[in-house]
There are 2 protein chains.
Amino acid sequence: MSDVARAAGVSAATVSRALRGEPGVSEATRRYVTEVAKRMRYAIARDASSLAGGRRYAIAVLAGDVRRGDLLAGAEGALRQAGYDVLLYVLGEPPARARFFEELPLARRVDGVLALSVDLTPAEGAALRGLDVPVVEVGDDDLREALRLAVGHLVELGHRDVALVVTGDESHDEELAAGGLRVRPEWTLWSSPTVAGGEQVVDVLLDAERLPTAVISSSGEVALGVFLRLRRDGRAVPGDVSIVSLDGAELTRAVGITAVEGAWRERGEHAVDVLLSRLRGEDAAGGPPPVRLVVRDSSGRRV
Amino acid sequence: MSDVARAAGVSAATVSRALRGEPGVSEATRRYVTEVAKRMRYAIARDASSLAGGRRYAIAVLAGDVRRGDLLAGAEGALRQAGYDVLLYVLGEPPARARFFEELPLARRVDGVLALSVDLTPAEGAALRGLDVPVVEVGDDDLREALRLAVGHLVELGHRDVALVVTGDESHDEELAAGGLRVRPEWTLWSSPTVAGGEQVVDVLLDAERLPTAVISSSGEVALGVFLRLRRDGRAVPGDVSIVSLDGAELTRAVGITAVEGAWRERGEHAVDVLLSRLRGEDAAGGPPPVRLVVRDSSGRRV
DNA sequence: CTGTTAGCGCGTTCAA
DNA sequence: TTGAACGCGCTAACAG
């Protein structure tokens, strides 16, 4: 940095201010210094800067579900553009995850935390907040909103007997009832988030006395399993049964299943906006981009 | 650190040495210091450490294809365990990518670079190597090896007329011929790496005078497109045409397409091993975990 | 608006 | 085996 300062005929402090966009430098000086720095291929040394300044120019990104590549990419791009480094932490298996929250290797290392589809427990959230930096969480599921869209779509098509397959453990009877559907306990099913899980769900449905005219699945894999198993059983989709997925854009798009899709890349960017606002002490404006229903071939009018 | 030193009744230098596992400290002292540090919840400040010591304890991970979540997760886990921070860079669209290589924001920030399925151009590779830290690349495709497996499988099933659909631009006539297949220019097709691309490929194949008895696709999406389009056209899979994909574990597994699968998580870990070896100045032993063929319902004996 | 001074928290000599 | 002193490259507070 002192080399640049000498070359530009100013002091190191001025170079520092100019390069960081700090006020207190004339526009002319800033432009000149910036140009000299670029010519000399100089960039501020991050760790010296952090050490002296206190700010770290780094955000910890906790990723729960690594398959949400778009969410991660969106967040990374936005952070990079804002001049922040991205420290990635993949919170995978429970033991590794537990160790992470125990050691909290983020202390004094980042200016903020972004939790992407990690579904923090209250204890984990508290631990993060103990870090004393802004924490922003992006839930894996806007399940309620997605469910509303799916229910609306199916009701519009004349369906009333709809089974709901979830992979989590919350109740969603309200959304179903509010949309005008019949709520039956035997039509609320749990499944592992896999294609095989979806296939098993169909077996259960077929065993019951009545088949629903539509199935909503919270997972794309499960929706695909339901789709394949119904077909194999000679049922027409959507002739006999309609299918709507609440997630799994790639899979459902490939196979042609009607699905609710979140704009994950945009959600990542939005989360960064919120985080950066907090860092500036402001309040973020606006909510995340809404989920949207993409109608494909797996849903049709009730026959 | 000085607090810990005082509490332990030693100097800061000793604490530093003890905590980093440097030689020159008695085992007893080290144990005691380590314990005091843990009790005080003290951890070495990374940026001060880098500033003073030169090592950065951070690895830049460049991710080209964010859908390769397992590769990324494997690398992240291995790096974390080795005590390195992971600085994530998603190399997405061409303009952003070009800017990255132009500015190379890694200078003096990382101890090494891991390029995961980014498919570096020679110029990009040279730029990275100019950083003067070890660079390890994990190719997106072990296409040749995968192709050999796929060809062997099909030949064993009696196929000789096999179309190859690629999304890249290399030639693979050798592998086809070496396996004993007939090589026909009109059966080597290019496709965009999408389901729609695969569907279009089938249209082209159907236009020709002869249909191959099997199709190999370098992409899972394309394989799915081929599968769906063939079915829609009334062709049986694998009755009329067998399909083997060289990638796309998730998709192909879901739909039941025979595919070559790489153990991506393990490959990520292996790449880290190689990188860490280089950092120690050693030579890494062993190659990456091999790809394997998973036979499913889309490939069968030639009829 | 700009320069000067004094650390930030550690690792690394060098002596003891 | 341990401790003291110095400096890594930068930013913050102050003075001009």
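All values below come from the heavy atoms of this structure, side chains included, with hydrogens, waters and symmetry mates left out. Letters go in sequence order (proteins before strands), and every chain restarts at 1.
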### Summary
In whole angstroms, the gap separating C1' of D:dA13 from CD of A:Glu22 amounts to 13 Å
### C:dG9 OP1/OP2 closer than 4.0 Å to side-chain N/O of A:Arg109
no
### Task
Looking at every strand, decide which applies to B:Gly24 at a 4.0 Å heavy-atom threshold: base, sugar-phosphate, or nothing.
base
### Query
Tell me: CG of A:Asp47 to C1' of D:dC8, nearest whole Å?
9 Å
### Task
Round to the nearest Å and state the distance from A:Arg56 atom CZ to D:dG9 atom C1'.
15 Å
### Message
Does A:Ser50 reach a base, just sugar-phosphate, or nothing at all? Heavy atoms under 4.0 Å.
### Response
nothing
### Task
Classify the nucleic acid contact of A:Arg55 as base, sugar-phosphate or nothing, counting any heavy atom under 4.0 Å across all strands shown.
nothing
### Message
Whole angstroms only, please: what is the CE-P distance between A:Met1 and D:dC8?
### Response
15 Å
### Query
Between A:Ala48 and A:Gly54, who's closer to the 5' end of DNA chain D by nearest nucleotide?
A:Ala48
### Query
Just how far, in rounded Å, is P of C:dT12 from CD1 of B:Ile44?
10 Å
### Message
So, does A:Ser16 get its side chain near the phosphate of D:dC10, meaning an N or O under 4.0 Å from OP1 or OP2?
### Response
no
### Summary
A:Arg20 atom CZ is separated from D:dT11 atom C1', nearest whole Å, by 6 Å
### Query
Nearest to the side chain of B:Ser49 - D:dT2, C:dG11, D:dG9?
C:dG11
### Task
Establish, from distance only, whether the side-chain atoms of B:Arg55 and B:Tyr84 form a donor-acceptor pair under 3.5 Å.
yes
### Message
Counting only side-chain heavy atoms from C-beta out, which of D:dG9, D:dA4, C:dG3 sits nearest to A:Thr14?
### Response
C:dG3
### Query
Among the nucleotides C:dC1, D:dG9, C:dG9, which one has an atom lying closest to any side-chain atom of A:Ser26?
C:dC1
## Note on the structure
d(B:Ser218 OG, B:Asp247 CG) to nearest 0.5 Å is 8.0 Å
### Task
Give the nucleotide from the list C:dT2, D:dT2, C:dG11 with an atom nearest to the side chain of A:Val25.
C:dT2
### Message
Under 4.0 Å, heavy atoms only, any strand: does B:Ser2 hit a base, just the sugar-phosphate, or nothing?
### Response
nothing
### Task
In plain terms, say whether A:Glu103 and A:Arg99 are close enough for a salt bridge, that is, a side-chain N and a carboxylate O under 4.0 Å apart.
no
### Task
In plain terms, say whether A:Lys38 and A:Glu35 are close enough for a salt bridge, that is, a side-chain N and a carboxylate O under 4.0 Å apart.
no
### Query
Any donor-acceptor pair under 3.5 Å between the side chain of A:Arg46 and the base of D:dG9?
no
### Task
When you get a sec, tell me which of C:dG3, D:dT1, D:dA4 is the closest nucleotide to the side chain of B:Ser11?
D:dA4
### Task
Remember a base hit wins even if backbone is also touched, and classify B:Arg30 as base, sugar-phosphate or nothing at under 4.0 Å, heavy atoms.
nothing
### Message
Does a side-chain N or O of B:Tyr42 approach OP1 or OP2 of C:dG9 to a distance below 4.0 Å, or not?
### Response
no
### Query
Ion pair present between B:Asp47 and A:Arg46, side-chain N to carboxylate O less than 4.0 angstrom?
no
### Message
Applying a 4.0 Å non-hydrogen cut-off, can you work out what B:Ala13 is touching in the nucleic acid: base, sugar-phosphate, or nothing?
### Response
base
#### Entry: First of B:Val10 and B:Arg108 reached from the 5' end of DNA chain D, by closest nucleotide
B:Val10
### Query
Looking just at side-chain N and O atoms, do A:Ser16 and A:Arg20 make a donor-acceptor pair shorter than 3.5 Å?
yes
### Task
Quickly work out the A:Leu51 CG to D:dC10 P distance and round it to whole Å.
12 Å
### Message
Given the structure, check if the side chain of B:Arg17 and the base of D:dG3 hold any donor-acceptor pair shorter than 3.5 Å.
### Response
yes
